[in-house]
Amino acid sequence: MAESHDAEPGMYDQLNLDKPHPARVYDYFLGGKDNFAADRQAAEHLLQAFPGFRTAAQSNRMWMHRAARYAAEQGITQFLDIGTGIPTEPNLHEVVQEIIPSAHVVYADNDPIVLAHSRALLVSKPEGRTAYLEADVTDPQAILESAEVKDLIDFGKPVALSIVGVFHYLPDHLKPYDLVRQLVEPLAPGSLLIFSHCTPDFAPELWERAMVVYKADGGEAQVRSKEEVTRFFEGTELVEPGVVSPFRWFPDDETQAYVDRGEFTDIMCSLWVGVGRKP
């Protein structure tokens with residue numbers, strides 16, 4: 001059980017502590033301590049509806065590490081990570097700078113709690129650079145035109161755009177496909193879109209129940225089918241093996257061990273993941 005955090009009086013309205021926030025709910029699933037009562041309540045209600053949420057969060061995080069390594073191994077030196085979440089070691093820059101110490105990483109999230117912990121995201125290797133900005137994926141231009149992005153990202157060279165476990169919090173009325181296209185459009189050929197999304201495909205009745213309880217707790221979400229998730233990659237060429245469950249995307253020994261123990265299954269992970277290369 002995560003520890004209780006009490007907000008300072010002036011922080012309450014700013015943090016919207018009466019509603020669950022995706023970064024803090026995800027932190028709870030990963031065993032973190034940077035979450036509040038509304039986040040823990042929503043997380044526990046979700047676990048009652050669908051017991052796989054912790055497994056899904058863990059498999060998603062492990063896949064993100066593999067996808068980031070893949071991008072670095074392809075020679076990409078610039079990373080834009082949107083919907084960063086609360087820092088959890090190893091963070092993306094720690095993964096890629098093991099391969100390319102000079103890599104530049106810009107993080108963006110809309111939760112002030114992430115900003116409060118962003119120091120952990122800024123401890124770059126001396127050869128590389130990292131930056132953090134408080135921004136929302138629903139305003140792509142604010143991200144792309146930010147001082148942090150302009151300072152660290154050269155759009156004349158390939159960029160790895162990481163949007164991991166974010167868009168199931170964006171219902172259709174927020175035009176999620178348009179948002180991804182706006183973020184991919186300025187990227188140079190050879191850039192990669194690293195993307196994951198929760199799906200009801202493997203357990204539709206459980207996920208329908210989970211969405212009802214999450215919305216009842218004040219959250220907003222929409223899970224999508226494989227076909228709907230694949231649409232996010234329009235304008236890119238999918239890297240093999242395409243859109244798959246996270247543990248099927250180039251599993252390493254650690255991931256395979258979870259599969260062999262029966263802990264990572266399609267139902268318990270309930271995610272579609274993929275990497276698309278911009279031609």
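Quick caveat: nothing in here was measured; it's all calculated off a predicted structure.
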**side-chain hydrogen bond (donor to acceptor under 3.5 Å, both in side chains) partner of Ser124, the single match among His93, Gln97, Arg129, Glu94** =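 Passing option: Gln97.
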
**Residue of the set Trp272, Phe232, Tyr177 for which ring-ring contact (aromatic ring centres under 6.0 Å, His included) holds with His197** =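 Going through Trp272, Phe232, Tyr177 one by one, the ring-ring contact (aromatic ring centres under 6.0 Å, His included) with His197 is satisfied by Phe232 alone.
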
**Asked** So among Trp207, Phe202, Phe29, Tyr214, which one has a ring-ring contact (aromatic ring centres under 6.0 Å, His included) with Phe50?
**Response**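 Of Trp207, Phe202, Phe29, Tyr214, ring-ring contact (aromatic ring centres under 6.0 Å, His included) with Phe50 is met by Trp207 alone.
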
**Prompt:** Does a side-chain N-to-carboxylate-O contact under 4.0 Å join Asp27 and Arg40?
**Reply:**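 Salt bridge: no.
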
**Item:** N-O pairing of Lys215 and Glu220 below 4.0 Å
**Value:**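 No, this pair does not count.
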
**Pairs flagged by salt bridge (Lys or Arg N to Asp or Glu O under 4.0 Å) wherever residues 97-106 is involved - sequence neighbours left out** =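 Residue pairs with at least one partner in residues 97-106: Glu98-Lys125.
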
**Request:** Run the numbers on Val137 and Phe167 for side-chain contact (heavy atoms from CB on, under 4.5 Å), then give the verdict.
**Result:** CA-CA 9 Å; Val137 70; Phe167 269 65; 3.7 Å; yes

**Exceeds 12 heavy-atom contacts within 6.0 angstrom, atom CD of Glu208** =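 Counting neighbours around CD of Glu208, 12 or fewer heavy atoms of other residues, nucleotides or ligands fall under 6.0 Å, so no.
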
**Prompt:** Between Leu92 and Ala68, which heavy-atom pair has the shortest distance, and what is it?
**Reply:**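 Reported closest heavy-atom pair: CG-CB, 4.3 Å.
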
**Prompt:** Do you know which two heavy atoms are closest between Val105 and Leu152, and how far apart they sit?
**Reply:**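 In this case the closest contact between Val105 and Leu152 is O-CD2, 3.8 Å.
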
**Message:** Set out, in order, the CA-CA distance, both residues' side-chain angles and the distance that settles side-chain contact (heavy atoms from CB on, under 4.5 Å) for Lys226 and Thr199, then state yes or no.
**Reply:** CA-CA 7 Å; Lys226 183 175 185 178; Thr199 183; 5.8 Å; no

**Request:** May I ask you to decide if the ring planes of Trp249 and Trp63 are parallel, tilted or perpendicular, using 30° and 60° as cut-offs?
**Result:**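 It falls in the perpendicular class, over 60°.
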
**Request:** Compute both the distance and the angle, then confirm whether Arg24 meets the cation-pi test with Phe36: under 6.0 Å from the six-membered ring centre, within 45 degrees of the axis.
**Result:**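 Ring-cation test returns no.
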
**Item:** Lys278 (side chain) donor-acceptor with Leu187 (main chain) under 3.5 angstrom
**Value:**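 Yes, because the side chain of Lys278 sits within donor-acceptor range (under 3.5 Å) of the backbone of Leu187.
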
**Item:** Worked check of salt bridge (charged side-chain N to carboxylate O under 4.0 Å, His left out) between Glu145 and Lys150
**Value:** CA-CA 7 Å; Glu145 295 171 8; Lys150 288 183 175 180; 5.8 Å; no

**Asked** Does the side chain of Ser225 pick up a donor-acceptor pair with the side chain of Asp201 at under 3.5 Å?
**Response**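 Ser225 vs Asp201: no donor-acceptor pair found between side chains.
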
**Message:** Could you go through Val239 and Tyr70, starting from their C-alpha distance and side-chain angles, then the distance that decides it, and tell me whether this counts as side-chain contact (heavy atoms from CB on, under 4.5 Å)?
**Reply:** CA-CA 11 Å; Val239 171; Tyr70 171 84; 3.4 Å; yes

